[in-house]
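Beneath this line is the structure, given in structure tokens, with notes to follow.
Within every chain, numbering begins at 1; the chains are lettered A, B, ... in the order of the sequence lines, protein sequences first and strands thereafter.
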Amino acid sequence: MKIKLYNSNTKSKELFVPIDPKKVTMYVCGPTVYSYPHIGNARGPVIFDVLARLLRREFDLTYIRNITDLDDKIYQAADDEGVHISEVTQRYTKIYQEDMTALGVEKPDLEPLATEHIPEMIEMIQVLIDKKHAYESQGHVFFSVETFDDYGFLSNRTEEEQISGTRIKSSEIKNNQRDFVLWKPSTGETPGWDSPWGFGRPGWHLECSAMAKKYLGRTLDIHGGGSDLLFPHHENECAQSMCSHSGEPLANYWVHNGMIDFDNVKMSKSEGNLLLIRDLLKEIRPEVIRMAFLTTHYRKPINWNDALISDSGKKLDRLYGSIRQLGKISPGEPSEEVLNAIADDINTPKALSELFAIVKNINNAKSDEESRKLASILIGSAHLLGLMNQDAEIWFENIEVDKALIDHLLTEREAARSNRNFERADQIRQEIESLGVTIEDGPEGPVWKKL
RNA sequence: GGCAAGGUGGCAGAGUGGUUAUGCAGCGGCCUGCAAAGCCGUGGACGUCGGUUCGAUUCCGAUCCUUGCCUCCA
């Protein structure tokens with residue numbers, strides 16, 4: 001199967017060819033664990049989860065998604081709460097993992113912690129200093145951007161544009177405004193580690209370079225993350241890694257997912273419009289959230305609103321509705337069309353349309369046997385997207401309703417119907433609907449689902 | 001201002017140099033005690049202006065508009 005990916009580096013869709021024809025390495029930037037994850041934090045994991053599922057069919061995949069448990073925002077959060085830093089990082093790591101599991105995201109092969117790789121980072125800094133790509137200044141170590149001619153190649157930024165993005169101006173401690181920090185001193189309560197340059201902590205770009213190298217080697221097949229990480233984060237990762245090696249690229253394919261807007265405004269800290277996964281899950285079933293992500297191609301922005309949620313739920317109704325009367329179906333091999341859609345730069349909207357094509361065939365099938373065969377393909381295909389993981393009955397009946405009461409009323413209604421007392425039957429229908437459940441009379445008898 | 005992406009039918013959202021996207025919603029019909037689900041049929045689209053072409057929503061140029069990145073961010 002030919003897999004194509006849009007490479008942010010070349011700004012074009014390319015045929016995916018791994019370094020090793022049998023093995024693939026993928027590194028995706030994970031969360032900084034200092035608060036509850038919002039839905040924007042979940043889009044990437046869901047998309048790369050779909051990509052991982054596809055890649056695992058073809059290759060021996062090693063997928064790493066790191067946990068950033070070393071960051072000033074974490075120290076701030078711990079300080080605000082008056083608790084130990086590890087309490088904050090462990091709590092939010094656990095919450096993040098729970099939320100991802102809820103959304104059907106399979107675990108990566110490894111979730112390394114930044115704090116467990118300080119020696120690797122120090123080693124990389126030392127190499128950069130030895131190679132004259134970095135310099136020490138007053139307890140800090142800076143990467144010297146002018147020593148790397150290609151700096152800016154990934155994000156396609158000129159020197160002037162790079163400067164406009166720096167916060168700290170050239171000063172007595174920095175030679176060049178573009179230089180970024182590799183190591184900085186820690187004082188007071190701020191955590192730190194001993195290093196050749198004094199007690200301190202690493203800069204925020206370094207962990208990915210160090211951990212990617214340790215576990216996956218010098219050049220990754222795929223490096224992923226949100227599009228807002230392209231600059232400066234990924235640009236700086238490239239600079240560090242390439243200069244500490246011999247100029248080999250950090251990754252052959254750079255894959256970036258788009259952002260989520262909320263009422264057409266980007267969801268971000270500065271906008272104060274973060275929608276937490278945890279809060280959303282109180283109202284919406286997790287599979288609906290996943291469906292909402294897959295509705296739009298991963299590189300485009302998603303506008304998050306009630307219509308998206310309701311549409312996504314209805315799509316799942318149609319998928320599950322097609323297999324509802326078929327009993328237990330085990331997943332089969334996915335359809336070629338669905339596979340090809342995902343292989344074409346993770347075109348999940350196209351893949352969904354292929355799923356609906358199968359649904360149509362199931363609904364038109366002439367025999368139960370044919371339906372079941374198609375349903376098996378449908379479920380196998382949906383699993384590639386991480387959908388349809390539960391029984392159709394559970395999808396429709398799922399909920400906090402009083403099943404016993406509804407079943408009782410249904411029995412009563414059936415009795416009324418068989419006596420052709422339709423007035424009573426409709427009355428009971430009203431009663432049941434007031435409980436938030438609707439009835440569908442089918443050839444096998446009535447079934448119900450949540451409104 | 002610089003860089004990047006995009007403007008598709010009522011909404012969401014793929015795709016294509018000439019042929020039905022798909023889902024939801026609408027309309028007509030079948031089915032049903034009534035419904036629902038499902039099925040059949042149906043209307044409605046490619047921002048604007050030029051160019052290339054036998055033919056462009058699809059390629060090229062211009063223009064208007066939108067959005068993102070350039071500061072923490074996924």
Side-chain angles (χ1 to χ4, degrees), chain A residues 6 8 11 28-32 34 37-48 65 71-73 76 152 155-158 160-168 204 224-233 235 256-261 264-271 274 291-292 294-303 305 307-322 324-325 341 344 347-357 359-360 362-365 396 416-418 420-423 425-426 429 433 438-443 446-449 451:
Chain A
Y6 181 88
S8 305
K11 293 187 197 57
V28 173
C29 290
T32 302
Y34 69 104
H38 56 80
I39 55 172
N41 290 307
R43 188 180 189 185
V46 167
I47 287 300
F48 290 106
R65 190 183 60 210
D71 185 280
D72 288 355
K73 293 189 289 293
Q76 187 62 50
S155 56
N156 193 30
R157 258 161 236 268
T158 63
E160 203 174 38
E161 289 156 11
Q162 293 157 17
I163 291 171
S164 78
T166 60
R167 301 176 77 183
I168 303 164
W204 67 295
S227 61
D228 52 353
L229 295 181
L230 195 53
F231 184 85
H233 185 53
E235 191 69 56
H256 290 98
N257 62 276
M259 305 287 102
I260 292 181
D261 299 340
N264 288 316
V265 176
K266 186 195 167 193
M267 189 176 303
S268 70
K269 282 180 68 183
S270 52
E271 295 287 345
L274 298 182
M291 176 62 92
L294 301 176
T295 292
T296 306
H297 185 73
Y298 77 92
R299 279 190 279 115
K300 287 194 170 182
I302 295 180
N303 192 28
N305 56 34
L308 175 66
I309 300 302
S310 123
D311 279 3
S312 300
K314 285 174 181 174
K315 285 177 183 178
L316 287 163
D317 281 344
R318 182 153 168 85
L319 293 179
Y320 279 117
S322 71
R324 188 173 187 182
Q325 306 286 354
D344 185 11
N347 192 338
T348 55
K350 174 80 166 132
L352 288 173
S353 82
E354 298 298 348
L355 250 34
F356 290 117
V359 165
K360 179 155 240 162
I362 292 173
N363 290 334
N364 278 322
F396 288 112
R417 290 182 74 207
S418 59
R420 303 192 66 79
N421 183 353
F422 296 121
E423 198 181 330
D426 285 345
R429 176 192 282 279
E433 291 195 348
T438 186
I439 308 164
E440 294 176 5
D441 294 324
V447 293
W448 53 276
K449 68 178 182 184
L451 279 174

Residue whose nearest RNA chain B nucleotide is more 5′ - A:Gly226 or A:Ser155 | A:Ser155
Give one of base, sugar-phosphate or nothing for A:Arg417, where a contact means two heavy atoms less than 4.0 Å apart.
-> base
Just compare B:G23, B:A37, B:C3 and give me whichever is closest to any side-chain atom of A:Asn156.
-> B:C3
What does A:Asp317 touch in the nucleic acid at a heavy-atom separation under 4.0 angstrom: a base, only the sugar-phosphate, or nothing?
-> nothing
May I ask you to say what A:Gly40 touches in the nucleic acid, namely base, sugar-phosphate or nothing, with a heavy-atom cut-off under 4.0 Å?
-> base
Which is true for A:His256 with a 4.0 Å heavy-atom rule: it touches a base, it touches only sugar-phosphate, or it touches nothing?
-> nothing
Sugar-phosphate, base or nothing in reach of A:Phe356, heavy atoms under 4.0 Å | sugar-phosphate
Comparing A:Tyr298 and A:Asn364 on RNA chain B - which has the more 5′ nearest nucleotide = A:Tyr298
Does A:Thr296 make a side-chain N or O approach to OP1 or OP2 of B:G13 shorter than 4.0 Å?
-> yes
What does A:Leu229 touch in the nucleic acid at a heavy-atom separation under 4.0 angstrom: a base, only the sugar-phosphate, or nothing?
-> sugar-phosphate
Looking at A:Arg420, does any N or O in its side chain come under 4.0 Å of the phosphate oxygens OP1/OP2 on B:G33?
-> no
Just to confirm, is there a sub-4.0 Å distance from OP1 or OP2 of B:G15 to any side-chain nitrogen or oxygen of A:Asn347?
-> yes
Check whether any side-chain nitrogen or oxygen of A:Asn363 sits under 4.0 Å from OP1 or OP2 of B:C39, and answer yes or no.
-> yes
For A:Arg429, answer base if it contacts any base atom (sugar-phosphate contacts may also be present), sugar-phosphate if it contacts only those atoms, and nothing otherwise; contact means non-hydrogen atoms under 4.0 Å.
-> base
Could you check whether A:Ile39 gets within reach of a base, just the sugar-phosphate, or nothing at all, counting any heavy atom under 4.0 Å?
-> nothing
When the P atoms of B:U8 and B:A14 are considered, how many whole Å apart are they?
-> 11 Å
